[in-house]
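All figures in this text were calculated on a predicted structure; none of them were measured in a lab.
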Amino acid sequence: MSTASRAEEGEKAPAPSRSWAVLLVVVCAQMLIWLDTSILNVAVTTLADPAEGLGATPAELEWVASAYTLVFAGALFAGGALADRFGPRTTLLAGLALFGAASAAGAFAVNPAWLIVARAFMGAGSALLMPATLSVIVQSTPEDKRTRAIAIWSSSSGLGVAVGPVVGGALLGSFWWGSVFLVNVPIVALCLAGVATVVPGLRSPRRRPLDLPGLALSVLGLGGVVYGIIELGNGQDWYGPHVLLPLVLGGALLTAFVAGQRRSPAPSLDLRLFRQPGFTAGSVVLLIAFMALAGHLFYAAFYLQGPRGLSPADAGTVMISAAVGIVLGSQVSPALSRLLTARWTVAVGVLATAATYVAYAWLDGRTPVWVIVALLWIQGFGMGLVGTPVTAAMMSGVPPRLAGAGSAVNSVTRQVGGTLGVAMAGSILSGVYRERMADAELPGPAQGLSPAAAEQARTSAEAARSLAGALRLPDLATTADRAFLDAMYAATLSIAALALVGCVVSVAGLRTRAPRPPNAPAAEPRSPHDRRGTA
């Protein structure tokens, strides 16, 4: 963007040398989200342990993860609007402070309910944090360097995935379970100092008024839809009140939200964004890609620590390969996009991930670790090829004053996609597992397995393995592992089919267009209330 354009927007753009320091700070802040999520993946079995953790049930464990996603996804539009209203630096500081305080509260939870509430507040902090980080990059980075900056920003997910499991495994091996949340606090403190020191106050003089009714509708509507999806993943019938009612109410509120945004002179979600080349297609591709990725990681974590028998620390070490792949793919994608175009780069990335999902249908408890490492690396590399060009395509036509709103859409698609993917994979996994265990012959009361315990074993593979160890019934663990693998095969093939749909959308919807000259300003989408004629 030209200097004149920046002046028109009222931005205080940093010098080029300082822009990389700004990028480093916001990437570290963004990495917190992925670090926390990946740490939680290796801590779930400890949290379920009555002696070492909180004795959380499977449903409570899912809500520990889902409460975060529910608030995160529901409040993202509000986070983007607040970034555009008060400036991304302000919302970044607020998000970091809330995230750190909630992490400290979660570390000292005395029961699962306390931890679930703390995770919800962590989600609220992340909703302020994520749109602000991308908004800072879009507004503070020269356009000719923006794609590379977005690639580095996308790599933060890989760094978080890499560091999280290893750190989490080490902490769980030496300290109590709360340390996996308390570790966020010093990182937050460093990020707060960095933001206060180097991130400029990027704010338009045309301060965008807050659309409070629109924000309320978006939070309640997205929250209702995500709640229904979560309950569906918990095994509720889709036509039951716990699923159908929040889905219908959430959909109605979102419909009212969209209708209101079309008429609002200062919308929270500017629907004109979807007129920009690649924005709509990019949103759909991101939604599908993150549905597939989150669904896959949901059952992969249980596979590594279940049938494959790895400890949390070893499972975290294996997951480093996916993180390395994401980082490398994110860095390679700009050059590959110039060679193949963004459309075909994304298609190659999605096809690579789909191939790894299919390969999981041949894994079992004796699969060599190097095979799993290779599959995770290819999967990560494929996702790295997807994230950067899609995000760059989405944000390339977004004017700086709407950067927060555009960033929020980008973030919402990732989070809602992840929630849909977990619900889809979780429903398939639990349904097939129950069917297989219902047909299996389990030990009876004579071997020490009461009817109530047998019902627990039929509901959860983790419960079955715990009972098998306590009662010395190795055949029960073998039966549960076999049922889990059958369920994983069904889930992974469904995820692979979903990824192929994403490949089709990327080829059909992401169109290549000639890049703007470095000094050409981004096209400002016209407001439906703007009745001026064109020159």
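Here the side chain of Ser321 pairs a donor or acceptor atom with the backbone of Val373 at under 3.5 angstrom. Between the side chain of Ser494 and the backbone N or O of Ala490 there is at least one donor-acceptor pair closer than 3.5 Å. Listed for the Asn184 side chain is no donor-acceptor partner under 3.5 Å among the backbone atoms of Ile187. In this structure a side-chain-to-backbone donor-acceptor pair under 3.5 Å is missing from Tyr299 to Tyr489. Here the side chain of Thr492 pairs a donor or acceptor atom with the backbone of Tyr357 at under 3.5 angstrom.
Contact record, Val346 with Val386: O-CG2, 3.9 Å, taken as the closest heavy-atom pair. The minimum heavy-atom distance between Leu385 and Leu336, with the atom names listed, is CD2-CD2, 3.9 Å. Of all heavy-atom pairs between Ile378 and Thr356, the closest is CG2-CG2, 3.6 Å. Leu115 and Gly106 get closest at one heavy-atom pair: CD1-O, 3.7 Å. Ser103 approaches Met122 most closely through the heavy-atom pair OG-CE, 3.4 Å. The minimum heavy-atom distance between Val183 and Val180, with the atom names listed, is CG1-O, 3.4 Å.
Rounded to the nearest 0.5 Å, atoms CH2 (Trp377) and CG (Leu328) are 5.5 Å apart. The CG atom of Leu293 sits 4.5 Å away from atom CE of Met383, with the distance rounded to the nearest 0.5 Å. Distance CG/Leu129 to OG1/Thr91: 8.5 Å, rounded to 0.5 Å. Rounding to the nearest 0.5 angstrom, the gap separating the CG atom in Leu96 from the SG atom in Cys191 is 5.5 Å. To the nearest 0.5 Å, the span separating CE on Met291 from CG on Leu498 amounts to 4.5 Å.
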inquiry  = If you apply the rule side-chain contact (heavy atoms from CB on, under 4.5 Å), what do you find for Leu128 with Leu92, and how did you get there?
reply    = CA-CA 6 Å; Leu128 292 173; Leu92 188 55; over 6 Å; no
task = Show the numbers, then the answer: is there a side chain to side chain donor-acceptor pair (under 3.5 Å) between Thr367 and Asp364?
result = CA-CA 6 Å; Thr367 300; Asp364 58 26; 3.3 Å; yes
task = Would you sort out whether Met488 and Leu485 count as a side-chain contact (heavy atoms from CB on, under 4.5 Å), showing the intermediate values?
result = CA-CA 5 Å; Met488 185 181 77; Leu485 288 172; 4.0 Å; yes
query = Which is it for Val324 and Leu376 under the side-chain contact (heavy atoms from CB on, under 4.5 Å) test, yes or no, and what are the steps along the way?
reply = CA-CA 9 Å; Val324 173; Leu376 288 170; over 6 Å; no
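Here Tyr360 pairs with His296 under the ring-ring contact (aromatic ring centres under 6.0 Å, His included) rule; sequence neighbours left out. Partners of Phe484 by ring-ring contact (aromatic ring centres under 6.0 Å, His included), not counting sequence neighbours: none found.
Contacts classified as salt bridge (charged side-chain N to carboxylate O under 4.0 Å, His left out) and involving residues 485-507 (residues at least two apart or in different chains) are given here: Arg436-Asp486.
By the 6.0 Å and 45° rule, Arg308 does not stack over the aromatic ring of Tyr303.
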